[in-house]
Amino acid sequence: MIVDSLTAPLAYDFFRRALLMGLIAGVIGPVVGSYLIVQRLGFLANVISHAVLPGLVIAQAIGIDISIGAFLSGLLSSGLLTWIQSQAVVKPDAAMNAILASFFALGMLLIPVLGSRLNLEGFLFGDILSVSPTDLWRSGSIAVGVLLAIVLCYRPLLYYSFDPVGAAAIGLPVRWLEFGMVTAMSLTIIAGMQAVGVILIIALISCPALAAYLLVRELHWMLVVSGVIGVASACLGLYGSYYLNLPSGPAIALISFLAFLAAFLFSPSRGLWMRSRAKSKLR
């Protein structure tokens, strides 16, 4: 009966494509998100996910691939953010909020100005059940490229993530590493945009990475565990949405949050419940 429940949805092409897209987003999102969590830059995903809207609108208006517009808009927003932060006049969180609000407002303004027919609901929340083979190839290529770059640059990224000042002191190309992380984040959002939308992709980037951060100590294990949690969230969310007739994107995002909540409460080393038990024993 369990086997039938797992195999029955696979008879449909749309479900197989959705499952593959969920696996892609479930791996690349948490892996890139792990670096952001370690660097305490989790809010950057929120900024870039909103900042891609102007690029999407402009790309659709001039008839080019919307992924190109989203990528360029994401890079522009992060470049502007980096420049503002480098002036040391305002705090990083304030600058991030300003960039997020202004780019999203610009995108909303350009929709009527350019006569765009962008599906705003699809942009925000995605439609994983309508994924096409072209979407799969594009997201899969992005995921392979980003993961390969992370593997090749693992040691410099490891040093930079935990000690950027020390990394600069020993001669590592800190600016290029920072640019690479922003590029990877922009590409990750594009890869997961079709699956769960740019709003809910934030949950898939952050929650599995946070859960892994609470469960393991080493960065390489954090990458592995976060990817496993992301894939499990995508699979459970899709099957749950199929049998319970629920929206797939929100289901995936909610399950990823439940995974974080479980780690927050029951992590053997950092969980709230385990720390409470340890305090009780000391008393």
Side-chain angles (χ1 to χ4, degrees), residues 17-39 41-42 44-49 51-52 55-56 59 64-79 82 123 126 128 131-161 167 172-198 200-202 204-206 208-209 212 219-231 233-234 252:
R17 289 194 295 267
L19 188 60
L20 286 173
M21 179 61 82
L23 295 178
I24 292 170
V27 170
I28 186 174
V31 168
V32 174
S34 295
Y35 283 98
L36 296 182
I37 296 302
V38 169
Q39 298 175 37
L41 292 174
L44 181 61
N46 199 14
V47 174
I48 297 179
S49 67
V52 300
L56 287 172
I64 64 174
D65 191 333
I66 61 174
S67 297
I68 298 175
F71 177 66
L72 294 176
S73 185
L75 287 185
L76 178 61
S77 65
S78 57
T82 301
F123 161 76
I128 196 171
V131 168
S132 67
T134 302
D135 296 325
L136 282 175
W137 276 109
R138 177 173 57 200
S139 297
S141 300
I142 290 174
V144 170
V146 170
L147 293 176
L148 182 60
I150 288 175
V151 171
L152 294 176
C153 302
Y154 175 76
R155 289 190 178 278
L157 284 173
L158 175 65
Y159 201 164
Y160 168 72
S161 297
L172 289 178
V174 172
R175 292 297 181 187
W176 282 107
L177 290 173
E178 184 178 349
F179 176 76
M181 287 305 305
V182 170
T183 302
M185 176 53 58
S186 300
L187 291 172
T188 299
I189 290 171
I190 293 171
M193 191 165 51
Q194 183 69 24
V196 292
V198 296
L200 298 179
I201 190 63
I202 299 169
L204 203 53
I205 289 172
S206 302
L219 179 61
H220 62 279
W221 280 116
M222 185 177 173
L223 300 178
V224 173
V225 173
S226 66
V228 170
I229 294 174
V231 167
S233 299
I252 294 171

**OP:** Test T183 against F71 for side chain to side chain contact (heavy atoms under 4.5 Å, CB included), laying out the working first.
**Re:** CA-CA 8 Å; T183 302; F71 177 66; 3.7 Å; yes
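- When every heavy atom of I128 is checked against every heavy atom of G22, the shortest pair comes out as CD1-N, 3.9 Å.
- Interatomic distance, L72 CG to L56 CG, rounded to the nearest 0.5 Å: 11.0 Å.
- Contact detail for A59 and D65: the closest heavy-atom pair is CB-O, 3.8 Å.
- Under a 3.5 Å cut-off, the side chain of S226 and the backbone N or O of P208 do not form any donor-acceptor pair.
- Here the shortest heavy-atom pairing between L204 and G230 reads CD1-O, 4.3 Å.
- Without hydrogens or angle criteria, S206 side chain to I202 main chain gives a donor-acceptor distance under 3.5 Å.
- Taking 4.5 Å as the limit, some side-chain heavy atom of P156 sits within range of a side-chain heavy atom of L177.
- Under the 4.5 Å side-chain criterion, counting only non-hydrogen atoms from C-beta, V52 is not in contact with I190.
- Within the 4.5 Å cutoff, the side chain of L152 has heavy atoms near those of the L148 side chain.
- The line from CG of L219 to OG of S161 is 6.5 Å long, rounded to the nearest 0.5 Å.
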**OP:** Begin with the C-alpha distance, continue with both residues' side-chain angles, and end with the deciding distance and a verdict on side chain to side chain contact (heavy atoms under 4.5 Å, CB included) for Y154 and H220.
**Re:** CA-CA 9 Å; Y154 175 76; H220 62 279; 3.4 Å; yes
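- Scanning all heavy atoms of the two residues, the minimum distance from I24 to S139 falls at CG2-O, 3.7 Å.
- When every heavy atom of V174 is checked against every heavy atom of A167, the shortest pair comes out as CG2-C, 3.9 Å.
- The minimum heavy-atom distance between M181 and V32, with the atom names listed, is CE-O, 4.3 Å.
- Of the inter-residue distances, the one linking L157 atom CG with S34 atom OG reads 12.0 Å to the nearest 0.5 angstrom.
- Exactly one of I150, T188, V224 qualifies for a side chain to side chain contact (heavy atoms under 4.5 Å, CB included) with V31. That residue is I150.
- Counting only heavy atoms from C-beta outward, the side chains of V182 and I48 approach each other to under 4.5 Å.
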**OP:** In sequence, state the C-alpha distance, the side-chain angles, and the governing distance for D135 and R17, and then conclude on side chain to side chain contact (heavy atoms under 4.5 Å, CB included).
**Re:** CA-CA 9 Å; D135 296 325; R17 289 194 295 267; over 6 Å; no
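- S77 contributes a side-chain N or O that, together with a main-chain N or O of G74, makes up a donor-acceptor pair within less than 3.5 Å.
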**OP:** Apply the test side chain to side chain contact (heavy atoms under 4.5 Å, CB included) to residues I205 and I189: give CA-CA distance (whole Å), side-chain angles for both, the deciding distance (0.1 Å), then the verdict.
**Re:** CA-CA 9 Å; I205 289 172; I189 290 171; 4.3 Å; yes
